[in-house]
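Scroll down for the structure; my scribbles are underneath it.
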Amino acid sequence: MDLLVINAAEVRRLMPMASCMDAMETALKQLGRGEAQNPLRSANWLPEKRGILLAMPALTDEAMAIKVITVMPGNHGTPYDSHMGAVILFDAQFGRPLALMDATEITAIRTAAVSGVATRLLAREDAGDLAILGTGVQARSHLQAMLEARPLRRVRVWSRGGENREAYVQWASDELDVDVEATESAQAAVTGADLICTTTAAAEPVLRGAWLSPGTHINAVGASTATTRELDSEAMAMLCHFVDRRESALDESGDYLIPLQEGEIDDDHIRAELGEVLLGSAPGRRSDDEITLFNSLGLAVEDLASAQLIYREALSLGLGTSVEFGETVGE
Ligand code: NDP
């Protein structure tokens, strides 16, 4: 029995942003219809919370997958990505492991692709003044996703490190042919913007309600634990809140749970899951003035759908490295 090993460069080649956005839309609808299982992820911390090992399983009638990934925030500035691991794809008939894939690239692309789907769904049609907070892996993939979601008029970026900002501007010019302005403060990046992506590893708010303009759409991606957040309570209180999944937000979202504990928002604050809006069973943006938030926690069904797409493409293009793995009866 063979296992197909698909490395990071192959994942990039096999899953362009536009295809991934389509796959994410399908996966979120499937979840909304109750056709996928997405148990809460299991999170295990290293001493002093230096890093975390996450296990994220997802199942449908067709396939199963588990992403096993480490998150090491201290890796920023080292040769290593802050997220590393593998996605294992299984068939749902015999339970055979079919493929092992690089999870760093899958996470980078699928997270931004879901924000791209949210932006297509919730941002104003004329939105195109983008601010990105953060200059790391997600900041890069989010620029690619925003370019797919809306024609961009202007792009500003901020993170704390001046060198990181300059490297980002250079990368956007070299790789995407996009002019990005680096700003000295988060406020300068977001003032007047109508699209904002927060992609930082910050524990305390980097985006304040006082800086937001009516009609803005925000994708908040960086905070995915109950004790960290990127938006302040004032911002959360003034916006319309959409999530990938309620159960994940109730368990993992500091952006939601901290203002809830402070009494700044109520427990009916979440308007809908993206899948519900995609299926038409819940409303999306209701007026041009609403500020909409997609609060991303990241779901295993997104990794499963990515793995299925990558596996299909790898087979059709003959990519990946096949290794002999398990044995079948009689072998
Ligand atoms: P990177 O390590 O590549 O980038 C982290 C970014 O955050 C850098 O731009 C860094 O820039 C900035 N940063 C770090 N610490 C702080 C701080 N205390 N305050 C403000 N900015 C800070 O990580 P990724 O891009 O891979 O991930 C970014 C975040 O997104 C992480 O928190 C990660 O856990 C989360 N994530 C969420 C996913 C989801 O599905 N929702 C999926 C994957 C990641 P500088 O040092 O210049 O400020």
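In listed order, ligands and their atoms are each counted from 1.
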Practice prompt. With heavy atoms only and a cut-off of under 4.0 Å, state how H83 meets ligand 1: side chain, backbone, both or neither.
Written response: side chain

Discussion item. Tell me whether Y311 contacts the main-chain N or O of L100 through its side chain, where contact means a donor paired with an acceptor under 3.5 Å.
Written reply: no

Practice prompt. Determine, considering heavy atoms only, which of S248, A220, A202 sits nearest to atom 19 (N) of ligand 1.
Written response: A202

Response to the item:
Shortest non-hydrogen pair, L297 vs R41, comes out as O-NH1, 3.6 Å

Worksheet entry | Distance filter under 4.0 Å to G134 heavy atoms, resulting ligand 1 atoms | 9 (O)

Discussion item. Using only atom types and a distance under 3.5 Å, with no angle test, would you say the side chain of R271 pairs donor to acceptor with the backbone of H241?
Written reply: no

Practice prompt. Answer side chain, backbone, both or neither: which part of T107 comes under 4.0 Å from ligand 1, heavy atoms only.
Written response: side chain

Discussion item. Quick check: do L133 and L207 have side-chain heavy atoms less than 4.5 Å from each other?
Written reply: yes

Practice prompt. Taking only heavy atoms of S296 into account, list the atoms of ligand 1 that are under 4.0 Å away from them.
Written response: 39 (C), 40 (O), 41 (N)

Worksheet item: Which bit of N164 gets closer than 4.0 Å to ligand 1, counting heavy atoms only: side chain, backbone, both or neither?
Response: side chain

Discussion item. Can you report which non-hydrogen protein atom sits closest to atom 18 (N) of ligand 1, along with the distance?
Written reply: R160 NH1, 3.4 Å

Worksheet item: Is it true that a side-chain atom of H269 and a backbone atom of I265 form a donor plus acceptor pair closer than 3.5 Å?
Response: no

Discussion item. Check for me, please, whether I66 and L53 land in the same ILVMFWY cluster - side-chain distances under 4.5 Å, paths through other members count.
Written reply: yes

Worksheet item: Any idea which of A167, P73, A201 brings a heavy atom closest to atom 7 (O) of ligand 1?
Response: A201

Worksheet item: Do side-chain atoms of D129 reach the backbone of D194 as a donor and acceptor pair under 3.5 angstrom?
Response: no

Worksheet entry | Atom indices of ligand 1, in the order listed, that fall short of 4.0 Å to a heavy atom of R110 | 40 (O)

Worksheet item: Counting heavy atoms only, which part of L297 comes closer than 4.0 Å to ligand 1: side chain, backbone, both or neither?
Response: backbone

